[in-house]
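Notes follow once the structure below has been shown.
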Amino acid sequence: MELVVRKSDLLRELQLFQGIVERKNTIPILANVLLEADGKEVRMLATDLEVGLRSRCEAAVGKSGSLTLPAKKLFEIVKALPESDIRIEQDKSGVKVAAERFDSRLQTLPREDFPTLPDPAGTWSATLPREALRTMIPKTQFAITGEDTRYFLNGALFVLEGGAMSLVATDGHRLALVQVPRDGDKKAKGEDVRVILPRKTLNELQRLLSEGDDDVRFEKGENHLFFEVGGRVLISRVIDGQFPAFERVIPKNTDKKIDFDRDRLTSAVRRVELLSNERSRAVKFQIDRGKVEITSSSPELGEAHEVIMVEYEGAPMQICFNSRYVLEFLSAVETDVVSLAFKDEMSQAVMTPVGAEGYEYTYVIMPMRI
């Protein structure tokens, strides 16, 4: 195989593979990227067997062929080279990567060892609005559990039904749900879609969405999902499991509500949590007429409190939250005002952005018992 490719073109594609290729892997070939040169392009593929990415860029191909190279080391070399054409050439002793006066030789692994990934059938079942996905992912992915024992929670539930698109994640202590309306011509064909997207798939999809403005084409295969974004195809295994019936978790009888200035609440919780118990990170919202006092205490550290003036005329009460859960929600929203709706000290509370346009965001958070 022989080809010449522009550094900027190759670097842009190789950068997208870095989050997919695992540094520590028991299967050596999975640390490599597959390059296939033919015609006027070089096609690339990397996978960790759960998530894969197909990409391509223009190239002057002198000799067609395919080979594999260490993805991270190739990226580091290309990144360090000057802006120029890069020559990649295979011979009996390895693969030559050169540019201007720089010359290097990388070891390759057999192309036959590289896993075969499915291709989309090409009958894309839905078109997903790019900006909606860019909004939905960061508002939910932080609520995905890190517990491997509950594997079906190690992802977010993606739902396409009627004229709506939803993404929901939970770790059992809080739940983040974003719903976005979809145009009639962008509805999924056939049956509704209800699949669990792995956390890594969401991370890589968000990365692909960061550039360009085209909508995303989506296809559901037997065991894989395909997302076509700007000519690149993200391939993801489906998490096989039953996602909890999240609709039942959202309380319907929250009869008390307080609106907060988001920046003011964020600053107060950040300051008060500094003296919270380092394990529980508990902060108490002591709610009274016209004010909310946020407090924390720790036998080893001391205590802290801060008062926020609010509009509230209900009965006094106290409700305790994990400060990290509150702050992650506040970091994910853009509105100036957020609301906290609740019933009592023991029931689920709901936080929502006030005045959000184009989507509905519901964040359910369980109070702590201390």
Side-chain angles (χ1 to χ4, degrees), residues 139-140 142-145 153 166-179 244-273 275-277 279-298 303-356 359-370:
K139 288 178 172 53
T140 51
F142 64 84
I144 297 173
T145 186
L153 294 184
S166 304
L167 195 63
V168 56
T170 181
D171 61 5
H173 303 289
R174 40 58 182 288
L175 179 146
L177 164 66
V178 182
Q179 295 174 302
F246 66 91
E247 297 91 345
R248 299 177 187 173
V249 177
I250 302 172
K252 308 298 182 185
N253 55 354
T254 51
D255 55 356
K256 305 175 183 67
K257 180 181 175 183
I258 301 174
D259 287 347
F260 292 93
D261 178 274
R262 180 175 63 92
D263 290 342
R264 180 75 182 86
L265 180 59
T266 301
S267 299
V269 173
R270 279 181 178 160
R271 285 189 283 263
V272 170
E273 76 155 351
L275 292 182
S276 65
N277 181 287
R279 185 174 181 182
S280 70
R281 301 191 182 207
V283 295
K284 295 178 182 177
F285 282 50
Q286 295 180 338
I287 303 167
D288 207 341
R289 185 166 297 183
K291 67 177 183 179
V292 174
E293 184 176 11
I294 303 174
T295 69
S296 69
S297 63
S298 168
E303 60 184 35
H305 65 94
E306 184 165 337
V307 175
I308 298 178
M309 307 309 293
V310 298
E311 293 184 11
Y312 177 75
E313 298 298 329
M317 64 171 291
Q318 175 180 288
I319 188 166
C320 185
F321 298 117
N322 182 310
S323 60
R324 181 167 62 90
Y325 294 170
V326 174
L327 290 173
E328 286 179 335
F329 165 78
L330 294 173
S331 296
V333 298
E334 303 94 0
T335 58
D336 294 334
V337 179
V338 296
S339 73
L340 172 66
F342 52 95
K343 178 185 177 184
D344 53 43
E345 299 177 1
M346 308 303 289
S347 303
Q348 303 101 306
V350 178
M351 300 187 76
T352 55
V354 177
Y359 64 91
E360 293 183 13
Y361 187 18
T362 304
Y363 186 68
V364 181
I365 179 170
M366 290 295 297
M368 299 180 69
R369 295 173 172 83
I370 295 182

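Note that the coordinates shown come from a computational prediction; the quantities given were computed from them, not determined experimentally.
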Might you work through the side chain to side chain contact (heavy atoms under 4.5 Å, CB included) test for Thr352 and Tyr361, ending with a clear yes or no?
-> CA-CA 6 Å; Thr352 55; Tyr361 187 18; over 6 Å; no

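Counting heavy atoms from C-beta on, the side chains of Leu153 and Pro244 come closer than 4.5 Å. Arg262 places none of its side-chain heavy atoms less than 4.5 Å from the side chain of Val337. At a threshold of 4.5 Å between non-hydrogen side-chain atoms, the residues Leu265 and Asp263 do not count as touching. Residues Leu275 and Glu303 have side chains not in contact (no heavy-atom distance under 4.5 Å, counting atoms from C-beta outward). Side-chain contact check for Glu273 versus Leu327: some heavy-atom pair is nearer than 4.5 Å. Counting only heavy atoms from C-beta outward, the side chains of Val338 and Val354 never approach each other to under 4.5 Å. No side-chain heavy atom of Phe342 sits under 4.5 Å from any side-chain heavy atom of Asp344. Residues Ile294 and Val269 meet the side-chain proximity criterion, which asks for heavy atoms closer than 4.5 Å.
Applying the side chain to side chain donor-acceptor pair (under 3.5 Å) rule to Glu293 yields the partners His305; only residues at least two apart in sequence or on another chain are considered. Under the rule for a side chain to side chain donor-acceptor pair (under 3.5 Å), the partners of Tyr359 that lie at least two apart in sequence or sit in another chain are Glu334. For Gln348, there are no side chain to side chain donor-acceptor pair (under 3.5 Å) partners at least two apart in sequence or on another chain.
The environment of CD in Glu247 is crowded: more than 12 heavy-atom neighbours from other residues, nucleotides or ligands sit within 6.0 Å.
For the atom pair CE (Met351) and CZ (Phe260), the distance works out to 7.0 Å, reported to the nearest 0.5 Å. The OH atom of Tyr325 sits 8.0 Å away from atom CE of Met368, with the distance rounded to the nearest 0.5 Å. From Phe321, atom CZ reaches atom CD1 of Ile365 across 5.5 Å, with rounding to the nearest 0.5 Å.
Contact record, Gly355 with Thr335: C-CG2, 4.1 Å, taken as the closest heavy-atom pair. Heavy atoms only, all atoms of each residue included: Val350 and Val364 are closest at CG2-CG2, 4.4 Å. Considering all non-hydrogen atoms of both residues, Ile308 and Ala268 come closest at CD1-CB, 3.8 Å. Pairing each heavy atom of Ala349 with each of Leu340, the nearest pair is CB-CD1, 3.9 Å.
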Return a table of donor-acceptor pairs under 3.5 angstrom between the side chains of residues 279-290 and protein atoms on other chains or two or more places apart.
{"residue": "Ser280", "atom": "OG", "partner": "Ala282", "partner atom": "N", "Å": "3.4"}
{"residue": "Gln286", "atom": "NE2", "partner": "Gln318", "partner atom": "OE1", "Å": "3.1"}
{"residue": "Arg289", "atom": "NE", "partner": "Glu313", "partner atom": "OE1", "Å": "3.4"}

Show which side-chain atoms of residues 167-177 pair as donor or acceptor with protein atoms under 3.5 Å away, not counting sequence neighbours.
{"residue": "Thr170", "atom": "OG1", "partner": "Gly172", "partner atom": "N", "Å": "3.1"}
{"residue": "Thr170", "atom": "OG1", "partner": "Arg174", "partner atom": "O", "Å": "2.8"}
{"residue": "Asp171", "atom": "OD1", "partner": "His173", "partner atom": "N", "Å": "2.9"}
{"residue": "Asp171", "atom": "OD1", "partner": "Arg174", "partner atom": "N", "Å": "3.1"}
{"residue": "Asp171", "atom": "OD2", "partner": "Arg174", "partner atom": "NE", "Å": "2.9"}
{"residue": "Arg174", "atom": "NH1", "partner": "Glu328", "partner atom": "OE1", "Å": "3.0"}
{"residue": "Arg174", "atom": "NH1", "partner": "Tyr363", "partner atom": "OH", "Å": "2.9"}
{"residue": "Arg174", "atom": "NH2", "partner": "Phe142", "partner atom": "O", "Å": "3.2"}
{"residue": "Arg174", "atom": "NH2", "partner": "Glu328", "partner atom": "OE1", "Å": "2.9"}

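Residue pairs that meet the side chain to side chain donor-acceptor pair (under 3.5 Å) test with at least one member in residues 249-259, sequence neighbours left out, do not exist here.
For the pair Ser347 (side chain) and Lys343 (backbone), a donor-acceptor distance under 3.5 Å is absent.
In summary, Glu306 and Arg264 engage in a salt bridge, as defined by a charged side-chain N under 4.0 Å from a carboxylate O.
No side-chain donor-acceptor contact under 3.5 Å links Ser323 and Ser276.
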